[in-house]
Amino acid sequence: MFWARVLAATSLLALALVPPIAALPKVSRTGRYLYTEDGNRFFIKGIAYQTQGLIVSGPDNPLNAPSTFVDNLADGAACTRDLPFFQKLGINAIRAYAANSSLDHDSCMSTLTGAGIYVILDLTLPLNGSIDTTLPAWGTNTLDQYLRTIDAFEKYDNVLAYNIGNEAITPSATQSAPFIMAAARDIRAYLNSISSSALVAYASIDGSSDFVDNVADFLACDRSADSPTASIDLFGLNNYEWCGNASITTFDGLNSRFADYGVAAYFSEFGSENCSPNPRVWTEIPVMFNSSMTDVWSGGCAFSYFPDISRGHQFGMATPSADNSTISTNADFDNLAAQFNAVTFVNSPAKASVTTIAPAACPTANASAWPVSETLPPTPNDAACACLANALSCVFQPTNPDYMVLVGELIGIACGLLGQMGGTCADISASGETGVYGTVGMCDPTIRLSYIFSQYYEASHRAPTACSFSGNATINSGAGAEGASAAVTSCIPSPSAVFTPSPPPVLIPVAPTSSTNHSGSTSGGASTGGSGMRAPLSARGILAGIICVAAGCMGGGMLWTFA
Ligand SMILES: *[C@@H]1O[C@H](CO)[C@@H](O)[C@H](O)[C@H]1NC(C)=O
Ligand SMILES: *[C@@H]1O[C@H](CO)[C@@H](O)[C@H](O)[C@H]1NC(C)=O
Ligand SMILES: *[C@@H]1O[C@H](CO)[C@@H](O)[C@H](O)[C@H]1NC(C)=O
Ligand SMILES: *[C@@H]1O[C@H](CO)[C@@H](O)[C@H](O)[C@H]1NC(C)=O
Ligand SMILES: *[C@@H]1O[C@H](CO)[C@@H](O)[C@H](O)[C@H]1NC(C)=O
Ligand SMILES: *[C@@H]1O[C@H](CO)[C@@H](O)[C@H](O)[C@H]1NC(C)=O
Ligand SMILES: *[C@@H]1O[C@H](CO)[C@@H](O)[C@H](O)[C@H]1NC(C)=O
Ligand SMILES: *[C@@H]1O[C@H](CO)[C@@H](O)[C@H](O)[C@H]1NC(C)=O
């Protein structure tokens with residue numbers, strides 16, 4: 001009886017705490033429009049929901065981007081606190097910029113879904129958690145981070161889209177475009193394989209019309225000659241063109257440029273500061289949701305809910321108290337709420353009447369304006385890279401867990417030494433300009449480094465002193481005698497293969513150690529590869545090495561080159 005009562009009370013409590021919530025209708029793309037399952041058009045009426053990270057300067061952060069992040073979707077109490085403000089704004093979506101796949105997001109996601117709010121989630125993390133702007137790669141480490149995040153979020157019914165990058169392609173550095181496109185291709189294939197309806201999206205920085213049009217077209221152009229074909233579903237433009245009480249013709253130029261765009265598009269950020277009148281009046285909203293724009297655009301996300309200072313201006317509208325228990329809002333917030341609540345969605349065209357627009361030809365490569373190859377890098381292959389890692393004769397041995405920058409320095413040094421012996425680092429390089437992708441360029445940066453260590457060690461007739469790199473490398477006695485080049489051929493027989501990625505390997509925590517153990521498993525990917533291959537490392541570390549070279553630094557006494 002006692003137990004029965006307790007059980008009854010518990011289940012009542014459970015019912016009270018978790019009221020049955022009708023799943024949010026899935027949103028899918030038909031041509032350039034988004035529709036909910038009932039056939040109504042779907043527009044994003046959203047806000048950026050991301051605590052601003054701290055900028056920590058250093059060799060791994062040449063662009064001075066935020067280096068730390070808060071996973072706001074893992075803070076259930078904060079989501080509950082913020083829900084009434086979301087409801088005041090009348091939003092149906094938030095954009096979150098960073099999530100840690102090992103944290104629990106149930107509370108926040110359930111709060112949001114219960115209120116009819118979808119989530120647009122960036123798969124990227126700061127620094128080495130993103131495809132690098134100036135030295136891009138599409139490697140197993142980044143792919144696996146993206147897949148882990150998808151795996152953590154796929155159980156929720158309110159994930160609208162996954163962003164595979166934010167402002168990675170810039171007007172002065174376009175070479176990441178093929179890597180972003182390859183990421184979109186592989187993430188699309190993975191989502192298909194798990195029957196996910198989430199959209200694949202990208203959020204672009206604004207710029208000259210040539211630049212923006214090239215980026216938008218590149219990510220959705222005619223790749224029917226490729227197998228598989230690939231396109232993003234949702235192009236986001238971080239657009240701050242509208243300033244204050246601007247003219248309703250402000251977006252006319254943009255609208256006509258996108259008049260024939262084949263996939264859905266929205267403003268992934270909007271809301272200029274430092275305009276007149278101030279505070280912001282958000283008069284772009286009645287224009288954005290008017291029929292003059294809805295034939296091209298599917299809404300946007302106002303920037304930003306949380307305080308966010310950019311170029312000296314405060315974009316935040318809702319400030320948490322010191323103890324995070326309450327929120328205070330400003331006039332920007334009230335004005336935004338008034339404009340958002342006045343929006344009526346234009347429910348046309350009818351889904352059945354949509355004629356899809358054929359994708360445009362891919363932008364023509366142009367040495368000055370668009371130095372970008374149409375050839376995409378391959379799908380990063382965990383198993384192939386793990387096989388290689390285990391077969392390498394001289395492997396990177398990190399002595400502390402924060403070895404991201406060190407990997408960059410060591411690649412500079414090792415490539416310099418290898419160059420002195422007539423070798424090159426071409427196998428670990430990848431160029432979005434030429435479309436030439438070295439066979440090992442898709443592997444985790446630690447494996448790329450070990451590959452160069454091994455080539456140098458082998459070229460030095462395996463003299464033990466040639467596998468030290470001041471204590472950063474160790475001989476892998478478990479490797480056979482075949483050598484690094486032969487190992488590449490046997491482990492990576494199809495270097496340009498494009499395929500549907502498998503669920504990512506289980507992440508083994510980084511545990512730098514001075515002991516060697518070469519009996520590790522050969523399956524399961526980079527992070528579980530040979531013992532010398534600890535956790536995934538990133539392009540950021542390599543970047544540090546390259547910047548040094550670009551500035552005239554010497555690696556191991558020699559200027560080295562990737563060519
Ligand atoms: C994710 O959260 C776990 C658990 O708190 C933490 O150990 C890990 O460092 C976090 N990962 C990132 C990338 O912040
Ligand atoms: C915005 O501009 C319109 C037309 O130029 C004007 O009538 C209106 O007063 C302006 N509003 C503000 C708040 O400046
Ligand atoms: C809405 O669209 C109509 C038809 O294109 C146009 O005449 C009107 O000026 C637009 N209004 C706004 C606020 O953009
Ligand atoms: C308030 O929340 C922010 C964002 O999650 C967090 O960084 C900060 O440490 C919190 N402050 C307190 C006092 O809990
Ligand atoms: C490259 O693009 C720029 C800007 O669109 C154009 O002015 C230039 O003529 C182009 N160059 C070539 C070789 O096509
Ligand atoms: C590893 O390489 C770095 C960079 O060259 C060097 O400073 C360090 O002394 C080396 N050895 C160890 C054990 O980290
Ligand atoms: C070496 O790795 C193997 C396989 O992972 C494991 O069984 C063994 O206990 C390890 N040995 C040491 C000394 O860590
Ligand atoms: C970034 O570098 C850190 C080590 O500094 C590593 O733990 C993490 O896994 C790396 N992330 C990726 C995606 O490479």
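Both counts, for ligands and for their atoms, begin at 1 and track the order of listing.
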With atoms numbered from 1 as shown, which atoms in ligand 8 lie under 4.0 angstrom from a non-hydrogen atom of P401?
-> 4 (C), 5 (O)
Which of the atoms in ligand 8, numbered in the order shown and given with their element, are less than 4.0 Å from a heavy-atom of Q145?
->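 Listed by number with element, the hits are 13 (C).
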Just do the ring-ring contact (aromatic ring centres under 6.0 Å, His included) check on W138 and Y146 with the steps written out, would you?
-> CA-CA 11 Å; W138 177 229; Y146 286 15; 5.6 Å; yes
Verify whether the ring centers belonging to F153 and Y156 lie closer than 6.0 Å.
->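 Between Y156 and F153, which both carry aromatic rings, the centre distance is below 6.0 Å.
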Is it true that Y403 and F396 have ring centroids separated by less than 6.0 Å?
-> yes
Evaluate the side chain to side chain contact (heavy atoms under 4.5 Å, CB included) criterion for residues D186 and F499: first the C-alpha distance (whole Å), next the side-chain angles of each, then the deciding distance (0.1 Å), finally the verdict.
-> CA-CA 7 Å; D186 295 339; F499 55 92; over 6 Å; no
So which bit of L103 gets within less than 4.0 Å of ligand 1, heavy atoms only: side chain, backbone, both or neither?
-> side chain
With D122 as reference, evaluate T149, N163, N166 under the side chain to side chain donor-acceptor pair (under 3.5 Å) test and give the passing residue.
->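 With D122 as partner, side chain to side chain donor-acceptor pair (under 3.5 Å) holds for just one option, N163.
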Distance-only, no hydrogens or angles: does the N390 side chain make a donor-acceptor pair with backbone N or O of A386 under 3.5 Å?
->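 The answer is yes, because a donor-acceptor pair under 3.5 Å joins these two groups.
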At a non-hydrogen distance cut-off of under 4.0 Å, which region of M404 contacts ligand 8 (side chain, backbone, both, or neither)?
->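 Contact part for M404 vs ligand 8: both backbone and side chain.
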Show your working on ring-ring contact (aromatic ring centres under 6.0 Å, His included) between W297 and F251 and close with a plain yes or no.
-> CA-CA 11 Å; W297 304 95; F251 293 130; 8.0 Å; no
Proximal protein residues to ligand 5, non-hydrogen atoms under 4.0 angstrom = D210, N366, S368, A369
Hey, which atoms in ligand 1 end up nearer than 4.0 Å to a heavy atom of S102?
-> 1 (C), 2 (O), 3 (C)
Is the closest heavy-atom distance from P445 to ligand 8 below 4.0 Å?
-> no
Examine the side chains of T113 and D157 and answer whether a donor and an acceptor come within less than 3.5 Å of each other.
-> yes
Using distance alone, determine whether N141 and ligand 8 share an N or O pair under 3.5 Å.
->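 Right, the criterion is met.
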Measure the distance from the SG of C491 to the SG of C385 and say whether it is below 2.5 Å.
->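 Cysteines C491 and C385 do not qualify as a disulfide pair, their SG atoms being 2.5 Å or more apart.
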